2 protein chains.
Amino acid sequence: MIDARLITLRVFARCGTVGATAELTGYSPSAVSAQLRELQRVLGMQLLTKDGRGLRLTATGRFLVAGSDPLIAQWESLRAAAMEAGDQVQAHLGLGGFSSAAAHLLAPLAATLRSTHPSLEVQVLEAEPARCFDLLIAERIDLAVIVAMQSDSYGEDDPRFEQRVLLDDPLDVIIPGDHPLASRETATLEELASEPWITEAAGSAYHSLFTAAFTAVGVTPRIAHEAVEWETHIAFVGAGLGVGLLPRLAPLHGAENVVRLRLTGRAKPTRRIVAAVRRGSIASPLIQESLRILQVNANRILTARLEEDL
Amino acid sequence: MIDARLITLRVFARCGTVGATAELTGYSPSAVSAQLRELQRVLGMQLLTKDGRGLRLTATGRFLVAGSDPLIAQWESLRAAAMEAGDQVQAHLGLGGFSSAAAHLLAPLAATLRSTHPSLEVQVLEAEPARCFDLLIAERIDLAVIVAMQSDSYGEDDPRFEQRVLLDDPLDVIIPGDHPLASRETATLEELASEPWITEAAGSAYHSLFTAAFTAVGVTPRIAHEAVEWETHIAFVGAGLGVGLLPRLAPLHGAENVVRLRLTGRAKPTRRIVAAVRRGSIASPLIQESLRILQVNANRILTARLEEDL
DNA sequence: ATTACCGTGCAGAATAAATGCATGATTGAC
DNA sequence: GTCAATCATGCATTTATTCTGCACGGTAAT
């Protein structure tokens with residue numbers, strides 16, 4: 001309902017280049033360029049200046065973008081209220097989430113919504129948390145499932161978003177099936193302190209969670225290998241290369257020679273999984289329903305995992 | 001910046017029929033029909049229902065329209081603030097006003113703006129006050145000059161508009177040149193109580209002003225003739241058909257056998273001339289400048305008239 | 001029953017917008 | 001200093017959207 005060109009400007013304000021804006025919005029770079037020029041013409045404002053080989057927002061441009069936050073929020077709020085008042089749901093819903101969330105939370109959600117609202121067209125995009133926020137701004141998606149990261153620049157008080165905690169996903173430890181502790185059901189980080197550890201690359205989202213967990217018990221782990229996908233982690237462990245942490249939401253799906261142990265003791269690391277929406281839209285019936293479904297599904301998965309793997 | 005289809009819906013909410021909406025917005029009826037249908041499709045809301053041979057807003061529709069008032073106001077406010085922050089003015093300005101305002105206030109304003117802002121395109125629409133408000137909602141004009149009418153449904157607190165008093169235009173009395181009082185400079189309503197009066201049709205904007213003035217002095221005038229345009233009033237007076245009231249802003253331009261007398265005494269009727277804009281836009285530099293110019297011009301005309309006709 | 005009014009559907013026209021490629025300008029690397 | 005990479009933009013073309021004008025069907029008043 002808000003002019004698409006203003007949305008484009010907002011995306012540009014976040015990512016700073018026409019090319020990136022085009023990628024995020026789904027337009028071509030020329031279209032973005034034309035939109036921004038047209039926006040300035042229509043409003044009679046100079047919003048951008050050339051800066052080297054790129055563009056930069058003018059003071060007016062920054063002012064407009066900042067001021068548009070409450071405008072967008074108000075529209076979302078109005079739409080949500082009207083939807084609720086009329087007991088209706090929108091025609092389209094865009095969902096975004098990082099890999100395992102997309103697979104284990106969003107896919108079931110999409111399936112459920114599809115059956116309860118046959119006329120609703122749902123679109124799921126797999127994307128990293130930071131990109132999810134960008135996609136929310138670009139209005140490509142309406143609901144994002146992300147891992148809460150204190151390092152992120154999106155605070156709980158960001159005027160553009162609202163966030164709700166979906167669940168705290170506990171990290172389990174996975175060890176080779178022939179490990180001395182393999183017959184146990186639980187373990188502590190202290191017991192595994194001297195093991196070779198498999199983790200993600202330093203600086204990644206989970207790495208900080210990993211180090212924080214060990215700092216809490218005063219142990220410095222030996223990092224032997226790095227992996228990005230959980231599937232790779234599991235394979236490394238199965239090959240006897242070391243031990244690792246695995247979110248309970250992530251399935252082992254019967255991997256050879258790998259057992260999952262619950263972590264006990266002082267350090268019980270969890271990753272907090274959060275749903276984020278554009279501010280104002282949280283009251284929308286469809287969003288509310290989606291949040292409920294997500295939460296139910298997530299809890300079901302967590303308890304089911306306990307019976308499967310542990 | 002707010003979707004044109006929502007604007008169209010707002011206009012429909014005011015006038016109630018597709019045809020009238022088309023006339024006000026400048027679209028064809030088919031276009032309005034298509035826009036409203038499209039709006040419902042995009043939002044996934046049912047906003048309208050068939051009602052006899054016409055359309056009627058649903059509860060959701062009324063809710064959305066009412067809720068859109070602050071949305072529009074916020075956009076106008078943001079635009080005005082950004083304009084001010086960037087020291088820029090918009091590219092287009094639409095002005096609306098009733099006949100004599102259009103001729104004596106808006107035309108000079110347009111001329112002044114044209115010279116001070118060569119790139120600005122100004123458009124002037126002559127329209128009755130009620131229609132001016134509609135045109136403001138339809139975003140066909142940005143500034144309206146109207147006669148304040150307590151009977152109007154537009155209060156000072158309407159969430160859609162903001163109003164500023166431009167001037168209080170005193171009503172003078174016009175009498176034939178061969179009238180016994182013609183050599184005077186002032187007169188009172190009491191002195192003219194027994195004269196045949198020329199007024200507007202009952203129910204018109206000025207008629208209530210007319211009766212209120214006589215009620216204030218406890219006299220019931222004899223209404224002899226009715227006229228719509230001031231020029232007709234003047235002609236009637238010149239033909240000796242009676243006496244009448246004429247706003248000081250309206251010129252005699254040397255009519256034969258008519259003299260203008262200032263009204264003194266207890267009843268000093270004035271018509272309050274007010275500028276109205278969409279709420280939020282009052283802070284816009286161009287609106288502010290226009291209001292200043294209007295006020296200066298109005299005062300200049302009032303004082304000049306004293307020297308010409310009185 | 002007839003007439004006037006109102007909204008809508010459709011074919012075609014007009015307008016607006018997006019794409020893809022080529023270009024110019026700038027930065028950083030070698 | 002040259003070369004490659006990055007970025008934005010202009011233009012011709014295509015594509016999508018939107019508007020118009022007219023005809024039609026339903027509804028209310030005379």
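Throughout, protein chains are lettered first and strands after them, A, B, ... in sequence-line order, and every chain is numbered starting at 1. Note that the structure is predicted; figures quoted are calculated from it, not measured. All heavy atoms count here, side chains included; hydrogens, waters and symmetry mates do not.
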Mind listing the residues from residues 31-60 of chain B sitting with a heavy atom below 4.0 Å of DNA chain C? Number order is fine.
Ser33(B), Arg37(B), Arg53(B), Gly54(B), Leu55(B)
Is Asp51(B) atom CG crowded by more than 12 heavy atoms from other residues, nucleotides or ligands, each under 6.0 Å away?
yes
Surrounding CD of Glu231(A) (heavy atoms of other residues, nucleotides or ligands, distance under 6.0 Å), is the total greater than 12?
no
Only pairs at least two apart or in different chains count here, so list each side-chain hydrogen bond (donor to acceptor under 3.5 Å, both in side chains) that has a residue in residues 22-34 of chain A.
Glu23(A)-Arg131(A)
Kindly say whether, by distance alone, the side chain of Thr17(B) makes a donor-acceptor pair under 3.5 Å with the base of dG7(C)?
no
Indicate whether any N or O donor in one side chain lies under 3.5 Å from an N or O acceptor in the other, for Ser99(B) and Glu126(B).
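On atom types as modelled, these side chains do not qualify, holding no pair under 3.5 Å.
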Judged by modelled atom types alone, do Glu226(B) and His207(B) share a side-chain donor-acceptor pair under 3.5 Å?
no
Begin from the C-alpha positions of Arg79(A) and Ser284(A) and carry the test side chain to side chain donor-acceptor pair (under 3.5 Å) through to its verdict.
CA-CA 8 Å; Arg79(A) 177 162 76 141; Ser284(A) 160; over 6 Å; no
Taking only Lys NZ, Arg NE, NH1 and NH2, and the carboxylate oxygens of Asp or Glu, determine whether Asp158(A) and Arg279(A) approach each other closer than 4.0 Å.
no
Regarding Arg140(A) and Asp134(A), does a basic nitrogen lie under 4.0 Å from an acidic carboxylate oxygen?
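Salt bridge: no.
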Using the heavy-atom set of chain A and a strict 4.0 Å cut-off, write down the first and last nucleotide of DNA chain D that makes it in, 5' to 3'.
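So the contact region on DNA chain D extends dA5(D) to dG10(D).
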